[in-house]
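Have a look at the structure below, then the notes.
Computed from a predicted structure; not experimentally measured. By convention here, the first residue in the shown sequence is residue 1.
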Amino acid sequence: MTITPKDPTTALPGRPPIVDPDTWQTARDELLVREKAHTRAGDALSAARRRLPMVEFDGTVEVVGPEGPVPFLDLFEGRDELVVYKHMWHDGAPHQGQCEGCTTMAWHLKDAVYLNARGVSLAILTTGRWDEVASYIDFMGYTQPWYSVRGVDEPVGGNMGFLTCFLRDGDRTFLTYSTTGRGIEPFNGTFALLDRTPYGRGEAWEDNPEGWPEGNNACWYWRSDAEGNATWGPTSRPVPQWTRPGATPVQTLGRHGHHH
């Protein structure tokens, strides 16, 4: 039996039509054609990325890690390729005052075993002082390689909030790719999953069916209180931090505040 939204006993206000499995499959197959085209377009973009020209720079520039200053070349860990996430840092802020956006990126890639298996290393760089960074890494339970690039020029340092890729040829190092904004979303598998759910990300910019739940500000669910309720209030912190030892419900952010 075909159930249509014209049937007042089964139609749901503000929801897509309710249909039988065959009708659903037809609509799904039509969308699949578009999804495949999107995939192929993405493949073509990836091919173009692999053909971008490169910029050579001095790989002996020093960054600071748990063993002290080391040359940037060490971040390759002997591999030829390196993916870097540049994590924003707010000097002197408590753990819960650090960037919720960068937290969600770093949290989703706690180790790089599959990248390593493909011959690619991972490092997270930030402009924080190493003592502050080390404390934060310990609090978050991170195991990825982190380094401070405080005072280091681009392409190793510079502006944070970027996904950047590098290539090594012996002792020569090259910048091959860099992106920011929504370009860094590949770090975060949550986005891709939410984009496939009925309500999506729940953000105001999304194109939703009429009557769908009203969207919120972008990234509204990245900070929460102790109960997991999304909030930007004084008791909020990046969501995963509530799972960390020592996370308490009420800690004032003070003058550092939070950063959208």
Side-chain angles (χ1 to χ4, degrees), residues 42-43 45-89 98-99 101-130 132-181 183-192 240:
D43 291 344
L45 280 173
S46 295
R49 288 188 194 103
R50 292 190 291 272
R51 288 167 172 79
L52 276 173
M54 305 187 299
V55 177
E56 187 167 7
F57 65 95
D58 182 7
T60 66
V61 63
E62 289 190 333
V63 298
V64 179
E67 307 302 321
V70 297
F72 181 76
L73 267 165
D74 282 13
L75 277 58
F76 284 86
E77 298 177 338
R79 302 181 182 94
D80 289 341
E81 297 177 277
L82 172 66
V83 173
V84 157
Y85 181 68
K86 295 186 173 183
H87 193 293
M88 295 179 185
W89 195 262
Q98 293 301 339
C99 178
C102 289
T103 297
T104 193
M105 299 304 158
W107 188 263
H108 277 79
L109 207 57
K110 293 184 183 180
D111 65 44
V113 291
Y114 282 104
L115 286 174
N116 296 163
R118 178 58 187 78
V120 180
S121 292
L122 169 76
I124 298 182
L125 310 182
T126 188
T127 56
R129 299 179 184 88
W130 180 250
E132 288 188 15
V133 175
S135 172
Y136 185 73
I137 295 168
D138 182 63
F139 174 75
M140 295 298 289
Y142 286 145
T143 59
Q144 325 97 316
W146 281 64
Y147 296 90
S148 171
V149 292
R150 194 176 189 86
V152 179
D153 293 334
E154 293 183 341
V156 174
N159 292 328
M160 299 291 103
F162 281 75
L163 182 169
T164 304
C165 298
F166 300 95
L167 180 68
R168 181 178 72 91
D169 186 355
D171 289 336
R172 298 176 70 182
T173 50
F174 305 89
L175 166 70
T176 62
Y177 180 75
S178 188
T179 186
T180 189
I184 65 176
E185 288 186 0
F187 272 107
N188 186 335
T190 295
F191 287 140

Hey, is CG on D43 packed in by over 12 heavy atoms from elsewhere, all under 6.0 Å?
yes
Closest non-hydrogen contact found for S148 with G128 is OG-O, 2.6 Å
Scanning both residues in full, the closest heavy-atom pair of N159 with K86 reads O-CD, 3.5 Å
Short side-chain to backbone donor-acceptor contact, R150 and T127, under 3.5 Å
yes
Look up atom SG in C99 and atom NE2 in H87, then write down how far apart they are to the nearest 0.5 Å.
6.5 Å
Spatial distance of atom CE (M140) from atom CD (Q98) [nearest 0.5 Å]
10.0 Å
side-chain contact (heavy atoms from CB on, under 4.5 Å) with F166: which of D80, L73, V84?
V84
For residues 58-68, dump all side-chain donor-acceptor pairs below 3.5 Å to protein atoms at least two apart in sequence or in another chain.
unit_1, atom_1, unit_2, atom_2, d
D58, OD1, T60, N, 2.9
D58, OD1, T60, OG1, 2.6
D58, OD2, T60, OG1, 3.1

Which atom names give the shortest non-hydrogen contact between Y177 and L52, and what distance separates them?
CD1-CD1, 3.8 Å
Between V133 and W130, is any pair of side-chain heavy atoms under 4.5 Å apart?
yes
Identify the heavy atoms of E77 and P145 that sit nearest to each other, and give their distance.
OE2-CG, 3.8 Å
Ignoring hydrogens and angles, tell me if any N or O in the side chain of T180 forms a donor-acceptor pair with the backbone of G161 under 3.5 Å.
yes
Enumerate the residue pairs fulfilling side chain to side chain donor-acceptor pair (under 3.5 Å) with a member in residues 110-126, sequence neighbours excluded, ordered by first and then second residue.
R79-S121
Could you give the distance from CG (D74) to CG (L82), rounded to the nearest 0.5 Å?
11.5 Å
Working for side-chain contact (heavy atoms from CB on, under 4.5 Å), residues F76 and T173
CA-CA 10 Å; F76 284 86; T173 50; 3.8 Å; yes
For the CG atom of L109 and the CG atom of L115, what is their distance to the nearest 0.5 Å?
6.0 Å
Indicate yes or no: at least one non-hydrogen side-chain atom of W89 is less than 4.5 angstrom from one of V149.
no
With a 3.5 Å distance limit and no angle check, can you tell me whether Q144 reaches the backbone of A106 through a side-chain donor-acceptor pair?
yes
Do T164 and L125 have side chains that approach each other closer than 4.5 Å (heavy atoms only, starting at C-beta)?
no
CZ of R49 to SG of C165, rounded to nearest 0.5 Å, is 9.0 Å
If you measure from CD1 on I184 to CZ on F162, what distance do you get to the nearest 0.5 Å?
9.5 Å
Minimum heavy-atom separation for V156 to F57, with atom names?
CG2-CE1, 3.6 Å
Tell me every residue that passes ring pair (Phe, Tyr, Trp, His ring centres under 6.0 Å) with Y147, counting only those two or more places apart in sequence or in another chain.
none
